[in-house]
Amino acid sequence: MTGTYIQEKLRPNHCFGCGLDNPYGLQIHSFWEGDEVVCRWTPKHYMTGPPNFLYGGISASLIDCHSVNAAVAYANRQAGHEEAFDPELFMVTGTMTIKYHKPVPMHEVELRARIAKVEGRKYLVHTDILSNGERCVSGEVLAIRIARMG
Ligand SMILES: CCCCCCCC/C=C\CCCCCCCC(=O)SCCNC(=O)CCNC(=O)[C@H](O)C(C)(C)COP(=O)(O)OP(=O)(O)OC[C@H]1O[C@@H](n2cnc3c(N)ncnc32)[C@H](O)[C@@H]1OP(=O)(O)O
């Protein structure tokens with residue numbers, strides 16, 4: 001792992017997926033590994049969908065927040081604000097497409113995101129969810145930069 005977690009640079013943040021200040025949320029912790037943003041995360045026992053497998057909506061939430069946070073980290077890196085993020089650099093999800101390749105077992109998963117394209121305010125991010133190194137879910141998220149809300 002290189003550097004601290006991306007979410008630590010986004011506080012205060014009560015977002016259900018990525019807010020470290022939301023004790024009821026998913027509490028993802030993402031970090032740079034080369035040009036990819038990585039997160040390792042373990043489901044709670046009550047997050048099942050199909051018996052013994054992760055609920056698909058949780059997979060979508062993980063991909064959503066991990067991808068948007070990756071885009072925010074990328075934009076800050078490009079702007080030279082890697083250590084302390086620029087509070088004006090804020091993004092939301094515009095569009096998200098999820099493909100469920102295989103059911104996700106109820107143990108630790110790894111998310112891997114990479115920035116595929118930047119066009120003006122739009123950041124296209126590809127993220128995979130892997131279980132034991134095998135791709136189970138993939139997502140394409142369009143993060144859109146906006147003026148800071150809240
Ligand atoms: C020291 C640092 C401290 C920082 C502290 C921060 C604390 C918190 C930090 C971090 C939290 C991170 C939180 C992560 C959040 C997780 C993900 C979510 O749950 S987000 C919630 C769900 N998403 C929404 O609610 C969006 C709702 N939609 C909107 O607000 C607008 O529609 C918005 C912003 C998406 C676009 O509206 P416009 O008026 O600003 O801009 P227009 O001109 O319409 O679009 C700009 C460009 O984007 C395209 N675009 C717009 N919407 C699109 C869409 N849905 N799909 C595809 N393209 C779209 C347009 O075609 C346009 O492209 P062309 O420039 O012409 O090429």
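Numbering of ligands and ligand atoms starts at 1, following listing order.
Interatomic distance, Thr42 OG1 to Gln27 CD, rounded to the nearest 0.5 Å: 13.0 Å. Residue Glu88 holds its CD atom at 11.0 Å from CD1 of Ile146, rounded to the nearest 0.5 Å. Atom NE2 of His107 is separated from atom CG of Leu54 by 11.0 Å, given to the nearest 0.5 angstrom. Distance check, rounded to the nearest 0.5 Å: OG of Ser30 to CG of Leu10 gives 9.5 Å.
For the residues Ile6, Thr93, Leu89, Asp64, the heavy atom positioned nearest atom 26 (C) of ligand 1 is part of Thr93. The closest heavy-atom contact to atom 13 (C) of ligand 1, among the options Cys18, Gly17, Pro87, Gly19, comes from Cys18. Looking at Thr95, Asn76, Asn69 and measuring to atom 12 (C) of ligand 1, the nearest heavy atom belongs to Asn69.
Partner of Ser138 under the side chain to side chain donor-acceptor pair (under 3.5 Å) criterion, chosen from Lys99, Arg112, His126, His101: His101. Of the listed residues (Glu8, Gln7, Arg40), just one forms a side chain to side chain contact (heavy atoms under 4.5 Å, CB included) with Phe31, and that residue is Arg40. Each of Arg145, Met91, Arg77, Lys9 was evaluated against Val72; a single residue qualifies, Met91, per the side chain to side chain contact (heavy atoms under 4.5 Å, CB included) test.
Short contacts between ligand 1 and Cys65, defined as distances under 4.0 Å to a heavy atom of the residue, involve ligand atoms 16 (C). In the vicinity of Ile146, heavy-atom distances shorter than 4.0 Å reach the ligand 1 atoms 34 (C). Per-residue contacts place Lys9 under 4.0 angstrom from the following atoms of ligand 1 (heavy atoms of the residue considered): 1 (C), 2 (C). Close approach to Phe90 involves these atoms of ligand 1, each under 4.0 Å from a residue heavy atom: 8 (C), 9 (C), 10 (C), 11 (C). With ligand atoms numbered from 1 in the order given, ligand 1 contributes 38 (P), 40 (O), 41 (O), 43 (O), 46 (C) to contacts under 4.0 Å with heavy atoms of Arg121. Close approach to Pro12 involves these atoms of ligand 1, each under 4.0 Å from a residue heavy atom: 7 (C).
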*Could you go through the salt bridge (Lys or Arg N to Asp or Glu O under 4.0 Å) check for Arg114 and Asp35 one step at a time?*
CA-CA 7 Å; Arg114 59 186 171 79; Asp35 287 338; over 6 Å; no

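Using a 4.0 Å cut-off between heavy atoms, Ala84 makes no contact with ligand 1 at all. No part of Val72 comes within 4.0 Å of ligand 1, judged by heavy-atom distances.
Polar contact with ligand 1: absent for Asn13 (N/O pair, distance under 3.5 Å). Looking at ligand 1, you won't find any N or O of Glu119 less than 3.5 Å from one of its N or O atoms. Below 3.5 Å of separation, one finds an N or O of Gly94 facing an N or O of ligand 1.
Between Trp32 and Tyr74, the ring-plane angle classifies as tilted under the 30° and 60° cut-offs.
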